Engineer: 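Let me give you the structure first, and then I'll get to my questions.
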Amino acid sequence: MIGRAVAAGLGAWAGAIGVVVHRQRDDLVEMTLPWGVLLAWALLLVAALAAADLAPLGSAWAGGAWTLVVLGVQLGRDVWIQGDALGWSFLGGGLLIAAVVTGWTAYRTSGSTP
């Protein structure tokens with residue numbers, strides 16, 4: 001129970017940080033580097049991998065909490081996650097990362113004893 005709560009807390013933390021930084025980018029020579037999205041994805045990956053060691057399907061708990069935080073922001077009047085390519089890639093990439101880590105860790109630990 002505590003492992004699931006901590007896993008969800010890690011996912012919520014990664015979601016809150018990701019919502020704030022996902023819009024950051026730098027203009028390089030004729031290319032825009034969206035470092036905020038890359039940082040948000042890296043935080044979610046680290047949180048999901050850490051959560052996988054805390055509880056069975058802990059990465060699913062982290063991914064679910066990440067999703068609730070990211071989508072919960074949409075309920076307010078200010079929309080931080082816009083419906084453009086950057087916003088959709090942040091949301092879709094994060095969901096994909098959480099799903100892949102959950103599938104990989106569930107497969108890796110299946111059949112093992114706790």
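Quick caveat: nothing in here was measured; it's all calculated off a predicted structure. Each residue takes its place number in the sequence, starting with 1. Because only heavy atoms are used, hydrogens play no part in the values below, and waters and symmetry mates are left out as well, while side chains stay in.
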Engineer: Taking the side chain as everything from C-beta on, heavy atoms only, tell me whether Leu49 gets closer than 4.5 Å to Trp104.
Structural biologist: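 The answer is yes; the side chains approach within 4.5 Å.
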Engineer: Are Leu43 and Leu10 connected in the hydrophobic side-chain network, where two residues link if heavy atoms are under 4.5 Å apart?
Structural biologist: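 In one cluster with Leu43: Leu10, no.
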Engineer: Quick check for you: to the nearest 0.5 Å, what is the distance between Leu54 atom CG and Arg4 atom CZ?
Structural biologist: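 Result: 12.0 Å between the selected atoms.
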Engineer: Any chain of hydrophobic side-chain contacts (each under 4.5 Å) joining Val100 to Trp66?
Structural biologist: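 Looking at the clustering, Trp66 is in a separate group from Val100.
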Engineer: Hey, any chance Leu38 and Val70 share a hydrophobic cluster, counting ILVMFWY side chains that come within less than 4.5 Å of each other, even indirectly?
Structural biologist: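 Yes; Val70 is reachable from Leu38 via cluster members.
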Engineer: Closest approach of Phe90 and Ala40, non-hydrogen atoms and distance?
Structural biologist: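 Closest approach of Phe90 to Ala40, heavy atoms only: CE1-CB, 3.5 Å.
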Engineer: How long is the span from the CG atom in Leu44 to the CG atom in Leu95, to the nearest 0.5 Å?
Structural biologist: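 One finds 8.5 Å between CG of Leu44 and CG of Leu95.
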Engineer: Say whether Val19 and Leu68 are linked into one hydrophobic cluster, either directly or through other cluster members, by side-chain heavy-atom distances under 4.5 angstrom.
Structural biologist: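 No, Val19 does not connect to Leu68 through the hydrophobic network.
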Engineer: Within a strict 4.5 Å, meaning less than it, do heavy atoms of the Leu71 and Leu91 side chains meet?
Structural biologist: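 Counting from C-beta outward, Leu71 and Leu91 do come under 4.5 Å.
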Engineer: Quick check: do Trp13 and Val69 have side-chain heavy atoms less than 4.5 Å from each other?
Structural biologist: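 Trp13 vs Val69: side chains apart.
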Engineer: Which side-chain N or O atoms in residues 56-64 pair as donor and acceptor under 3.5 Å with protein atoms at least two apart or in another chain?
Structural biologist:
{"unit_1": "Ser59", "atom_1": "OG", "unit_2": "Thr102", "atom_2": "OG1", "d": "3.1"}
{"unit_1": "Ser59", "atom_1": "OG", "unit_2": "Thr105", "atom_2": "OG1", "d": "3.3"}

Engineer: Given Trp41, which partner from the list Leu39, Leu45, Val37 fulfils the side-chain contact (heavy atoms from CB on, under 4.5 Å) test?
Structural biologist: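 Answer after filtering Leu39, Leu45, Val37: Val37.
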Engineer: Which pair of heavy atoms, one from Ala55 and one from Gly3, lies closest together, and at what distance?
Structural biologist: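 Smallest interatomic distance, heavy atoms only, reads CB-C, 3.9 Å.
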Engineer: Please report the interatomic distance NE2(His22) to CG(Leu86), rounded to the nearest 0.5 Å.
Structural biologist: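 If I round to the nearest 0.5 Å, the distance is 5.5 Å.
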Engineer: Could you pull out the closest heavy-atom pair between Val101 and Ala48, with the gap in Å?
Structural biologist: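 Minimum heavy-atom contact is CG1-CB, 3.7 Å.
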